[in-house]
Structure formats: structure tokens, C-alpha cells
A.B. asks: 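Okay, handing you the structure first.
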Amino acid sequence: RWSQEQLVLDKWFALQAQSSRADALGRVQALMEHADFSLTNPNRVRSLIGAFAVGNPLRFHAADGSGYDFLADRIIELDPLNPQIASRLVRTMSSWRRYDEGRRALMQSELERIRDSDGLSKDVLEIVSKSLEE
């Protein structure tokens, strides 16, 4: 069971990830080095990486694709550690066809990069493949 302190910390990570500041992605990347963050802690992953991808559409969908690149890197990194969390995160880009042409191309490219990664789990491969086929 999570302590009050852990819940507050998760909330703090999420608030940082959802910031509309121009440096939000850089802040998320820096917070991955925080002593209380670990890719092996699913709650921390959801509160930082998930909150950025789902709860910060302004910065996640940056026109330069930096949010997509960041998420794809994290999915590839997380997949061997926790395929279930990685597959949940990859769903964030599964609606890539709904976006403008530039963002569609960037998301599609990142989904293809994830799909083409060595040793991808069945969970992530299935979601990525379906996303690209639809």
C-alpha cells in the first residue's frame, strides 16, 4: 500500500509533467534522474511519463516531434522491464491518424521505430502493429 508521502510524490511528478512551460519536456527528462524516480516503479512511470504523454497535449504534441521521440525512447526502454506499462504508453500514439499531416508523419515514424526494435514484447508489438495497420 502506498504511503501518503508516495502519493504526494506521484502527484508532484504528474504536475511537473503537465506543465505548459516551454521547458516541460526538458523538466520531465531531468526528473527521470530524480532519486525518487525509477523506470521499475510503475506508479512513477505513470505519474511522470504517462502524465506528460496523456496530460500535456501542448508539449507532447510539439510540432518538432520531440514529445513523440521521447515517448518512443521510453517505450523501447521500458518494454523489457514492464511490457504492460510500455503497451499502455504506446496507446498514446495509436490515434496518430487524427492529427495534422506533420504530426501524423512524426508519430507514424516513431511507431515504426518502436515496431522495428529488437526483442519487442508481444504486448507492445501487437498494439503498434494494429495502430499502423488501421
Side-chain angles (χ1 to χ4, degrees):
R1 186 154 199 250
W2 289 105
S3 71
Q4 186 67 25
E5 181 181 316
Q6 290 169 323
L7 292 173
V8 169
L9 196 54
D10 286 338
K11 185 67 148 178
W12 179 77
F13 276 115
L15 287 170
Q16 300 296 313
Q18 294 171 351
S19 169
S20 62
R21 291 174 42 148
D23 66 345
L25 177 55
R27 182 81 177 126
V28 168
Q29 291 168 320
L31 285 170
M32 288 184 64
E33 303 300 321
H34 191 281
D36 289 310
F37 180 83
S38 172
L39 281 176
T40 61
N41 181 326
N43 287 338
R44 293 291 144 76
V45 170
R46 281 189 290 268
S47 68
L48 184 62
I49 299 168
F52 176 73
V54 174
N56 195 341
L58 176 65
R59 300 303 173 201
F60 176 65
H61 293 290
D64 67 358
S66 56
Y68 311 143
D69 180 63
F70 168 76
L71 185 61
D73 286 345
R74 299 299 73 77
I75 290 165
I76 292 165
E77 188 177 6
L78 268 166
D79 188 45
L81 303 171
N82 192 329
Q84 294 78 23
I85 295 290
S87 65
R88 280 191 206 123
L89 288 173
V90 82
R91 289 180 195 276
T92 309
M93 290 192 286
S94 64
S95 60
W96 60 276
R97 286 184 174 84
R98 296 181 187 170
Y99 294 89
D100 62 80
E101 186 177 331
R103 287 176 176 85
R104 270 197 313 265
L106 292 165
M107 278 192 265
Q108 181 181 12
S109 175
E110 294 301 339
L111 287 166
E112 290 169 348
R113 181 166 70 93
I114 294 166
R115 180 197 60 204
D116 297 342
S117 297
D118 291 333
L120 203 59
S121 71
K122 185 180 118 184
D123 303 40
V124 172
L125 182 60
E126 180 180 351
I127 292 168
V128 170
S129 297
K130 283 182 181 179
S131 296
L132 290 168
E133 289 170 6
E134 293 176 352

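Numbering starts at 1 and runs along the sequence shown.
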A.B. asks: Grouping I, L, V, M, F, W and Y whenever their side-chain heavy atoms are under 4.5 Å apart, do Val45 and Leu81 come out in a common cluster?
C.D. replies: yes
A.B. asks: Work out which heavy atom in Ile76 is nearest to a heavy atom in Ser117; give both atom names and the distance.
C.D. replies: CD1-OG, 3.3 Å
A.B. asks: Where does the angle between the aromatic ring planes of Phe52 and Phe70 fall among parallel (under 30°), tilted (30 to 60°) and perpendicular (over 60°)?
C.D. replies: perpendicular
A.B. asks: Using the rule that two of Ile, Leu, Val, Met, Phe, Trp, Tyr join whenever any of their side-chain heavy atoms come within less than 4.5 Å, decide whether Val54 and Val128 are in one cluster.
C.D. replies: no
A.B. asks: Does the side chain of Met32 come within less than 4.5 Å of Leu39's, by heavy atoms?
C.D. replies: yes
A.B. asks: May I have the step-by-step check of side chain to side chain contact (heavy atoms under 4.5 Å, CB included) for Val124 and Leu89, ending in yes or no?
C.D. replies: CA-CA 9 Å; Val124 172; Leu89 288 173; over 6 Å; no
A.B. asks: So how far is it from Phe13 CZ to His34 NE2, rounded to the nearest 0.5 Å?
C.D. replies: 5.0 Å
A.B. asks: Could you tell me whether Arg98 atom CZ has more than 12 heavy atoms of other residues or ligands within 6.0 Å of it?
C.D. replies: no
A.B. asks: Any side-chain heavy-atom pair from Trp96 and Leu106 closer than 4.5 angstrom?
C.D. replies: no
A.B. asks: Which heavy atom of Arg44 sits nearest to which heavy atom of Phe37, and what is that distance?
C.D. replies: O-CE1, 3.4 Å
A.B. asks: Say whether Leu58 and Tyr68 are linked into one hydrophobic cluster, either directly or through other cluster members, by side-chain heavy-atom distances under 4.5 angstrom.
C.D. replies: no
A.B. asks: What I want to find out is whether Glu126 reaches Lys130 closely enough, with some N-O distance under 4.0 Å, to be called a salt bridge.
C.D. replies: yes
A.B. asks: Just do the side chain to side chain contact (heavy atoms under 4.5 Å, CB included) check on Asp116 and Ile114 with the steps written out, would you?
C.D. replies: CA-CA 5 Å; Asp116 297 342; Ile114 294 166; over 6 Å; no
A.B. asks: Not counting sequence neighbours, list each pair that qualifies as a side-chain hydrogen bond (donor to acceptor under 3.5 Å, both in side chains) and has a residue in residues 70-90.
C.D. replies: Asp73-Arg113, Arg74-Glu77, Asp79-Ser121
A.B. asks: How would you list, by chain and number, every residue that makes a side-chain hydrogen bond (donor to acceptor under 3.5 Å, both in side chains) with Gln16, sequence neighbours excluded?
C.D. replies: Arg27
A.B. asks: Where the side chain of Arg91 meets the backbone of Ile127, is there a donor-acceptor pair that is under 3.5 Å apart?
C.D. replies: no
A.B. asks: Arg21: what forms a side-chain hydrogen bond (donor to acceptor under 3.5 Å, both in side chains) with it, not counting sequence neighbours?
C.D. replies: Asp23
A.B. asks: Given the rule that I, L, V, M, F, W and Y join up when any side-chain heavy atoms are under 4.5 Å apart, are Leu48 and Leu7 in one cluster?
C.D. replies: no
A.B. asks: Which atom names give the shortest non-hydrogen contact between Leu111 and Met93, and what distance separates them?
C.D. replies: CD1-O, 3.6 Å
A.B. asks: Measure across Ala51 and Ser47 and return the closest heavy-atom pair with its distance rounded to 0.1 Å.
C.D. replies: CB-O, 3.1 Å
A.B. asks: Quick check for you: to the nearest 0.5 Å, what is the distance between Leu71 atom CG and Ser66 atom OG?
C.D. replies: 11.5 Å
A.B. asks: To the nearest 0.5 angstrom, please state how far the CG atom of Asp69 sits from the CE atom of Met107.
C.D. replies: 13.5 Å
A.B. asks: Could you tell me which non-hydrogen atom of Ala24 sits nearest to which non-hydrogen atom of Arg59, and how far apart they are?
C.D. replies: CB-CG, 3.8 Å
A.B. asks: Between Arg97 (side chain only) and Ser131 (backbone N and O only), is there a donor and an acceptor less than 3.5 Å apart?
C.D. replies: yes
A.B. asks: Between CD1 of Ile49 and CD1 of Ile85, what distance do you get to the nearest 0.5 Å?
C.D. replies: 10.0 Å
A.B. asks: Taking all non-hydrogen atoms of both residues, which atom of Asn56 and which atom of Ala17 are closest, and how far apart?
C.D. replies: ND2-O, 2.8 Å
A.B. asks: Please report the C-alpha distance between Leu31 and Trp12 in whole Å, then the side-chain angles of each, then the deciding distance to 0.1 Å, and finally whether the side chain to side chain contact (heavy atoms under 4.5 Å, CB included) criterion is met.
C.D. replies: CA-CA 11 Å; Leu31 285 170; Trp12 179 77; 3.5 Å; yes
A.B. asks: Using the side chain to side chain contact (heavy atoms under 4.5 Å, CB included) rule, take Phe60 and Thr92 through it: C-alpha gap first, then chi angles, then the decisive distance, then the call.
C.D. replies: CA-CA 10 Å; Phe60 176 65; Thr92 309; 3.7 Å; yes
A.B. asks: Hey, is the main chain of Tyr99 close enough, under 3.5 Å, to the side chain of Arg104 for a donor-acceptor pair?
C.D. replies: yes
